[in-house]
Structure formats: C-alpha cells, structure tokens
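No hydrogens, no waters, no symmetry mates; every other heavy atom, side chains included, goes into these values. All chains are named by letter (A, B, ...) in the order of the sequence lines, taking the proteins before the strands, and each is independently numbered beginning at 1.
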Amino acid sequence: MLGEKAFRKLADQVLAKSKADQTEVLLQAGDSALTRFANSYIHQNVAESDAAVRLRVVIGRRTGVATTNDLSAEGLERALETAMIVAGLQPENPNLPPMPGPQVVPQAVAFSEATANASPELRARAAGVFCTLAREKGLTAAGAFRTSLWEMGVANSLGHFVHSVGTVADVNTVIMSEDSSGYAEAAAVDVRHLDVEALAAEAVGKALRSRNPRPLPAGEYPVVLEAYATADIVSIMGYLAFSALAVQEGRSFMAGKFGQPIMSPAVSIWDDGLDPSGLPLPFDFEGVPKKRVDFIKDGVAIGVVHDSATALKEGVQSTGHSLPMPNPQGPFPLNMFMAGGTASAEQLIAGLDKGLLVTRFHYTVPVHPAKAVVTGMTRDGTFWVEKGEIAYPVKNLRFTESYLDAFNRVEAVGRETQLLVSRFEIGGVRVPAVRLAGFRFTGTTEF
Amino acid sequence: MRELTDRALNLAKVKGATYADMRIVRRDIRAITVKNGEVASLESYTTAGFGVRVVVDGAWGFASSARLEPREVDRVTALAVQIAKASALFKLEPVNLGEPVAHVGTYRTPVKIDPFSVPLEKTLELLLAADAAMRAVKGIVVAESSAAFIREEKTFANSEGAYIEQEIVETGGGLEALAVGNDDVQQRSYPNSFGRHQGTAGYELLEAMDLVGNAPRVAEEAVKLLTAPVCPSGVTTIILDATQLALQVHESCGHPIELDRVMGTEAAYAGTSFLTLDKLGTFRYGSPIVNITADATIPGGLGTFGYDDEGVEAQRTPIVREGIFVGYLTSRETAAKLGQRSNGTMRADGWNRIPIIRMTNINLEPGEWEFDDLIADTDDGIYMEMNKSWSIDDKRLNFQFGTEVAYQIKNGKMGQLYKNATYTGITPQFWAGCDAICNRNHWNVWGTPNCGKGQPPQTAHVGHGTAPARFRNVQVGVMKG
C-alpha cells in the first residue's frame with residue numbers, strides 16, 4: 001500500500017510536470033492473498049502486492065491515457081509523456097466532459113484492521129475448517145478464502161483530491177460427494193465476520209441432502225432461488241440495463257419505461273456505495289462521490305447510474321459511477337442491493353406447492369441482452385419441492401429465461417439478505433432469496 | 001535478471017524450499033477502441049513485476065510484487081516460504097513434480113511488422129474509417145472498432161537449472177455493429193465476436209483483416225437481422241462456421257481435457273470434467289472423423305509460445321484420435337500423477353498469478369470437404385455463424401450456444417436469414433453426430449483472448465484451429481418468440 005501522504009506526493013509530482021490543460025492521476029493499489037483448497041487440502045496459496053497509476057491528460061478536447069506500475073520518478077515521467085503523445089494523436093471529441101472540480105466526498109466505513117493484517121496461518125486455518133468437516137462426513141472440500149486490502153485515489157489538476165483504503169474478505173466453498181455437491185459463500189469488510197463453521201455446515205448439509213439426484217424433465221416450474229442465484233440476476237441486470245449508456249443506446253430494458261411498473265411490486269433494487277452493510281466505495285474512478293441510485297422501487301423503473309459523459313449528454317449530474325475514463329463501457333453499478341421482504345427461508349419453501357429449490361446458477365450468459373434473456377445451469381444443490389417441503393434432489397437443469405420477466409413473477413422475498421462479492425470481482429451485491437411463480441428450464445444434464 | 005533470480009532461488013533454498021521458481025514479467029499493452037466516430041479509449045498500459053513459487057514441507061506457496069528490487073525480492077521470497085508452510089498445515093501428500101526441468105533457452109514470436117513500431121495515427125485512421133463505414137448504414141446505433149497490441153517479456157528460472165527468456169507479441173482487431181429498431185437489438189461482428197480476433201503475430205495480422213472493406217457488410221447484416229424471422233426450433237442438421245466451431249471446441253473439448261479440472265482442483269470455481277481418468281484411451285468422444293490436437297507450436301496461434309511457465313517446451317499432443325479420447329493437457333504435478341511428463345500447458349496471467357493448466361491451440365484437424373460441396377450435400381438444415389452467447393455446465397456436458405446469424409439450408413442451397421439462433425446438446429452425443437469437416441482451405445486458427453479460469457481469476461489467450469463442419473440431429477432453438 002502507498003498511503004495517502006505518498007499518493008499526494010506522487011500526484012503533486014505528476015501534476016506539476018504535466019503541460020496538459022487537465023491532468024488526472026488515478027491510483028489503484030492493493031495487497032491481496034488467497035488460500036485455495038480442493039480434494040480437502042490446500043493446493044494453491046498466493047499473495048500479491050501491486051500499485052499502478054493511470055494518468056489521463058486532456059489537451060483541448062483530446063484525451064490521452066497511460067497506465068504504469070513503475071512508480072519511480074522516471075516511470076511516472078515516461079507514462080506522462082506517453083499520455084501526452086497519445087492525446088496529441090487523437091481527433092477532437094466535441095462531447096468530452098470536464099474533469100470534476102474540488103468537492104466533498106463522504107467517508108465510507110470500509111476498512112478492517114483484522115482483514116488488512118490477516119496472516120497465511122489465519123487463511124489456512126479457515127480453509128482447514130472446510131477440509132476437516134468434509135473429511136469427517138466422507139465428502140471432499142474445495143474453495144477459496146481471500147483477504148484483500150485495496151487503495152484508491154484520484155487527484156486532478158482542478159484541485160480535486162480523494163483517497164480511500166478498504167478491505168474485503170470473502171470465501172466460497174463447494175463440498176462434493178460422488179454424485180452431489182453443496183455450496184456456501186460470503187463476503188465482509190471484516191474477516192472476523194465470516195462464520196466459516198456455519199458456511200462449512202451449510203455446504204456440507206447441502207451436499208449430503210443432494211445425494212442420489214433424480215432426473216426431472218425440462219419445463220416451466222415455480223422456484224425458490226437462494227440468494228446466490230438472486231445475486232446473479234441482480235448483477236446481470238446491473239450490467240445489461242442499469243447504466244445510462246445502455247439506455248442512451250437503446251439496449252436497456254429500462255429505456256422508455258421510467259415511471260412505469262416493469263417488475264413485481266415486491267422488487268426494489270438500488271446502488272449505494274456508502275452503505276456499510278455492503279462493500280463500500282465512497283467515490284468512483286473520476287473521484288466523484290457515490291450517490292444512492294434507485295433502479296427499481298416497488299417494481300417501478302426509477303433511474304440508472306451516470307458517469308460524467310452520460311450525465312453531460314442529458315444535462316444532469318454524474319451519480320458517481322464511472323469506470324476509468326474514457327471508456328466504451330459507460331457507467332457501472334458496483335454496490336448493488338435488493339430489498340429483503342418478510343418471508344423466512346422456510347416460508348419461501350412452504351409457499352411452493354410443487355416446484356424447485358435452486359441453490360445457485362452456473363455459467364450464466366445473456367442470449368438476448370435487450371430483453372435480459374439469459375441461459376445458464378443450476379449447480380450445487382437443486383431440489384424438488386412438494387407441498388412446501390423438500391421431496392428429493394434432482395439433476396441439474398439448464399434455463400433460458402428473461403430475468404426481467406422472471407422478476408415480474410416474484411411472489412415472495414426472503415427477509416434475510418446475504419452480502420456477496422460481485423460476479424465481476426469488483427464491488428458487492430446484497431440480496432435476499434426469492435420465490436417466483438415460474439422459471440423456464442430448457443434442458444437437462446447427466447448429473 | 002540472473003542476479004535477481006539467483007537471489008530468490010538461493011534464499012528460497014536457504015529457507016527450506018525443495019523447489020523454487022521465479023518469473024519476472026513485463027507486459028506492455030496498447031489498446032484502441034473507436035466508438036461512434038469518437039476514440040472511446042486509447043490506452044498505453046504497462047505492468048511489470050515478479051512472482052516466486054516454492055515448495056516447502058511438500059506444499060506450495062507463492063508471493064509476488066510489482067517492485068523489482070533486491071530487498072523486495074527477499075521479502076517476497078520469505079513470504080512465499082511462510083505461505084507454503086501454512087499450506088503444509090492442510091496437505092494431503094507432498095508435491096511431486098516428476099523429472100527435473102532444466103531447459104536453458106530463448107523464444108521470440110516471429111513478426112513481420114512489430115505492432116509497436118507502427119505509428120498510432122495509422123491504426124486510428126484505419127479504425128475511424130471502419131467506424132464511418134459501419135455508421136453509413138442506416139439503422140446502426142452503435143459502431144465499435146478496436147485493435148490491441150501486446151508485448152510480454154518474461155524470464156523464468158527454477159532451482160533445477162532452467163533459465164528461459166521469452167518475448168511474446170500479439171496483435172488483434174475487430175468490428176461490431178449494433179442495430180436497433182423494430183423493437184429489437186441485433187449485432188454483427190467481424191472477424192470474430194466479443195471484440196476481436198487475435199494471434200501471436202505482428203501488425204500484418206491486422207492489415208490482413210481488411211476491417212474497412214468488411215465494415216459495410218457487417219453493418220448491413222446487423223440491420224437485416226432486425227426484420228429477419230426467429231430461427232425455427234426442432235431437431236435438425238446444422239453446419240457451424242469456423243468461428244463458432246472454435247468456441248464449441250474451446251468449451252466442450254478444451255476445458256474438459258484440463259487435467260487439473262479432472263483431478264478436482266478447479267471444482268470450486270470453473271468445475272470439474274466428464275472426461276474422468278478411466279476414460280483415457282477408450283472413451284468415444286466423437287465420430288471417427290473427429291481428430292483434435294493441442295498444439296502450442298503452430299505459427300501465429302494465440303496459444304503459441306516457446307516454453308510454458310514451468311519451463312517445459314511447447315508441444316503438439318493428440319487429444320482425440322479418430323474419435324477416441326487419448327490425451328489431457330497437463331502440468332508437471334498432474335502429469336507425474338499419471339506417470340507421464342508434462343506436455344507444457346502451464347501458463348500464468350502475468351507476474352502476479354501462478355501458472356495453471358491452460359489451453360494452448362486446441363485444434364479440430366481439417367477434414368476433406370470444400371465448403372460449397374458441404375452445403376450442396378445438405379438437404380435440410382441450418383447454417384450458423386459467429387458466436388453470440390455461450391454456456392456449459394460444470395462438467396462440460398450440457399452446452400447451449402447462440403449465433404449472430406443463421407441461414408436455412410434447403411435442397412443444398414442457403415436460403416432464408418434467421419435471427420436469435422441457438423443450439424444445445426450433450427458434448428459426446430454432439431460430436432458423435434459430426435459427419436463432415438471442411439478441408440485446410442477453410443481452416444484457420446482463431447484467437448480467444450478472454451478465457452477465464454482460476455481463483456484469483458486469470459485470463460488466458462488461447463487459440464483454436466477449425467474449419468466449418470456439419471453435425472446431425474441437433475436440437476435447435478429454445479427461445480420464445
């Protein structure tokens with residue numbers, strides 16, 4: 001880690017040298033370690049330490065960018081020179097937004113000393129909990145336990161300076177028998193909040209319950225989706241639809257629907273980079289403070305996230321959701337939440353006369369992005385439910401379903417929410433389990 | 001570099017390592033994206049650092065850092081040893097790497113034109129011209145053209161005497177046109193989807209793509225798709241173009257032959273494999289005309305190199321011979337468990353990642369058909385071209401792919417254009433239905449620069465040599481409307 005003082009010194013050095021009209025220094029640094037286990041032993045165990053700066057210069061309406069992790073004076077000078085050369089080669093961009101000026105950025109509670117100082121032995125012991133319990137039950141454990149310290153800073157020549165450090169601890173496990181598997185996953189700012197014993201028991205219990213799965217024909221069934229599966233739906237919607245650029249380009253299902261009900265009234269989804277119950281990040285890659293943005297409120301389409309480019313186009317303010325600028329992807333929600341409901345986990349299942357309980361999805365990919373049609377598989381515990389009780393495990397199924405249509409069929413929402421690392425590996429998503437009146441399964445597999 | 005690698009390897013030994021290796025890697029990337037007439041991004045990206053991998057008390061440890069200086073080398077080496085000792089708290093059996101690997105050598109990607117020597121203006125001009133040609137077609141809402149150039153310099157040294165220096169150069173480029181209208185969104189890409197086609201080659205690869213010449217066609221096809229009917233559902237014959245077949249090979253053959261997946265060490269993330277050890281040498285993977293080879297030596301392939309990241313030389317290995325499954329992709333550790341020698345497929349995504357088993361160029365060997373003859377020989381079926389979506393289960397059996405375009409084949413002729421085409425199947429049943437593969441005239445090694453695997457995640461650059469091929473009795477179409 002560089003630290004705020006060293007980053008300020010480095011940024012001052014670059015800004016003083018730059019002859020561009022505007023200059024931005026974006027710092028992304030981190031120390032991360034991950035202990036991986038499989039076949040109930042630790043087979044990979046890694047650590048990394050990196051710090052890179054991305055220099056963005058604007059000359060007139062031309063932008064140049066260069067990134068380096070050589071933070072020596074010579075390295076920074078070379079990168080600045082490259083960025084200037086790149087800017088000089090570009091055609092003018094008439095729609096180039098200015099860099100943000102000085103503004104107050106609220107603090108976010110995102111740092112844990114315990115996570116930052118987690119040792120290899122701590123991670124190994126956590127891995128050992130899964131391995132030991134699995135062996136005791138005649139099963140095998142696989143998974144990963146990671147502790148990360150991240151650092152981000154933005155300084156620009158308009159006088160804006162922000163810097164923040166945070167931590168993330170996350171764990172996932174797949175526990176297997178010869179014909180079944182179970183899953184558990186969790187994330188937290190503070191590593192001490194990861195209850196590895198409970199997670200191991202959850203995954204082991206599911207692996208034991210899903211033995212001897214029976215085949216089930218493809219078809220449309222009511223389902224209860226555990227939070228792991230809900231997270232996939234919410235994350236993919238964020239990627240496909242909750243960005244202003246997707247709306248402006250007409251490829252989002254939100255386009256032309258603002259103010260209208262587009263999902264079940266039981267669904268509310270938003271982004272909040274400051275909520276301490278998520279994995280907070282107080283500002284975006286331009287240094288703009290994060291604002292809470294409601295996407296769906298009681299089923300009604302409300303808003304989308306902006307960066308400075310999409311905001312300029314619509315004459316509104318950035319919501320603090322830029323990726324490193326400029327980029328073709330547009331703004332991105334990194335701290336998504338879905339509101340919990342009132343049902344307990346048991347009540348969600350009790351409400352199924354006949355249907356499926358799905359632990360999680362695997363390899364989900366948009367088939368028709370504008371309609372949020374996605375295909376993927378179930379994995380690590382799929383069960384047939386009858387009269388409100390789990391009847392027996394079933395073999396995995398392929399689905400091809402519009403996530404938008406699926407969230408129009410939400411019947412009940414679980415009251416507990418779970419925090420998970422986003423499938424895009426940056427940011428978090430906190431979601432509940434849900435019960436849907438129907439979900440379209442289009443294929444079967446052999447296990 | 002020798003001084004630093006010696007320093008790390010000696011220190012590791014002093015601290016109790018029975019094996020150690022060090023990789024020093026510098027990667028320079030230049031990436032340009034033009035979108036709707038503007039340069040959406042033009043970046044120069046440099047990352048450099050080193051990683052030290054050790055075996056201590058029979059278990060693995062790895063640590064890495066961006067600061068390549070003697071004191072940091074000492075700190076990182078000591079950390080790798082500490083991590084390995086923590087791994088040893090929960091080990092099953094001591095790591096066995098088999099026979100020592102002590103190659104000393106160098107490798108450089110042969111290039112005609114160094115892409116970093118070409119003025120950026122030239123590439124910008126090319127991409128802007130392609131972009132303008134796409135946007136000249138009415139109905140195109142998003143036009144995107146891109147190019148990427150990568151140079152990776154890496155030094156590998158291990159405690160068994162290996163010392164290898166390599167320079168891998170890659171060039172890539174492509175187009176995407178998005179048409180919006182008729183309450184629909186449709187895309188077409190060239191020469192491959194998801195951004196670009198890529199190879200270990202110089203600027204000559206980008207020039208050969210003729211992006212500007214293909215831009216109007218790509219855009220027109222995207223617009224035509226808006227009013228095309230949805231591909232009908234049913235069990236039928238399909239012919240896949242080479243780009244779609246490349247991804248089919250990638251997902252349904254390339255991943256399940258990774259021996260680490262087979263042995264369960266990727267179970268928590270990517271999954272395992274249906275190609276279990278008992279199937280080696282006997283299992284019928286496909287029809288007798290199906291021959292698949294892993295070849296890290298083929299010129300220009302995106303999975304081509306001199307030595308893998310364990311110092312093992314690049315090799316050509318049979319995977320499926322006349323339809324029978326005969327080989328895995330292996331590492332030193334996994335090969336030793338089978339009593340074999342590694343076939344050199346361990347690669348790391350940069351200095352801060354450990355090497356894991358990755359595809360090289362996994363090639364479906366060419367058959368005997370001319371493409372026109374293949375169409376003429378097909379009475380009733382669907383021709384599908386270029387991937388739009390892909391998904392496969394965690395043992396690599398049930399897959400579903402969507403393609404950007406499809407055409408009806410009737411009485412040996414291509415007819416009606418279809419949109420939203422998908423097909424699905426079970427891997428060995430699908431490959432058993434392969435009854436014709438086009439010849440070398442239609443064969444190309446396609447680059448896949450976005451293959452994800454591992455925790456923490458790694459992205460590998462791999463290749464697939466394919467020619468169009470025909471498959472019988474395939475389920476087509478699962479989408480509504």
For this session: Could you tell me whether the side chain of A:Asn69 and the main chain of B:Ala66 form a donor-acceptor pair under 3.5 Å?
Result: no
Exercise. Looking just at side-chain N and O atoms, do A:Tyr363 and B:Glu251 make a donor-acceptor pair shorter than 3.5 Å?
Worked result: yes
For this session: Please state whether the side chain, the backbone, both or neither of A:Pro326 comes within less than 4.5 Å of a heavy atom of chain B.
Result: both
Exercise. For the candidates A:Val65, A:Leu96, A:Asn396, which exhibits the highest count of non-hydrogen atom pairs separated by less than 4.5 Å from chain B?
Worked result: A:Val65
Exercise. Regarding A:Asn172 and B:Gln455, is there a side-chain donor-to-acceptor distance under 3.5 Å anywhere?
Worked result: yes
For this session: Under 4.5 Å heavy-atom distance to chain B, tell me which part of A:Thr173 shows up: side chain, backbone, both or neither.
Result: neither
Exercise. Does a salt bridge link B:Glu38 with A:Arg61, judged by any charged N lying under 4.0 Å from a carboxylate O?
Worked result: no
For this session: Heavy-atom distances under 4.5 Å only: say whether B:Leu128 touches chain A with side chain, backbone, both or neither.
Result: side chain
Exercise. How long is the gap from CG on A:Asp50 to OG on B:Ser65, to the nearest 0.5 Å?
Worked result: 8.0 Å
Problem set entry | Distance in Å, B:Asn398 CG paired with A:Lys395 NZ, rounded so as to fall on 0.5 Å steps | 12.5 Å
Problem set entry | Residue pair B:Asp393, A:Thr445: steps toward the side-chain hydrogen bond (donor to acceptor under 3.5 Å, both in side chains) verdict | CA-CA 8 Å; B:Asp393 71 38; A:Thr445 191; 2.6 Å; yes
Exercise. Is the shortest side-chain N to carboxylate O distance from A:Glu446 to B:Lys395 below 4.0 Å?
Worked result: no
Problem set entry | Electrostatic pair A:Glu121:B:Lys85 at N-O distance under 4.0 angstrom | no
Exercise. Hey, are A:Arg398 and B:Ser391 close enough side-chain-wise for a donor-acceptor pair under 3.5 Å?
Worked result: yes
Problem set entry | Whether A:Arg123 side chain and B:Ala86 backbone form a donor-acceptor pair below 3.5 Å | no
Problem set entry | Ionic contact status for A:Arg36 with B:Glu266, cut-off 4.0 Å | yes
Problem set entry | Contact class of B:Arg30 relative to chain A, heavy atoms under 4.5 angstrom | neither
Exercise. Do side-chain atoms of B:Ser64 reach the backbone of A:Ala47 as a donor and acceptor pair under 3.5 angstrom?
Worked result: yes
Seminar exercise, completed: When the 4.5 angstrom heavy-atom criterion is applied to B:Val180 and chain A, the contacting part is side chain
Exercise. Does any N or O in the side chain of A:His368 come within less than 3.5 Å of the main-chain N or O of B:Asn420, such that one atom is a donor and the other an acceptor?
Worked result: no
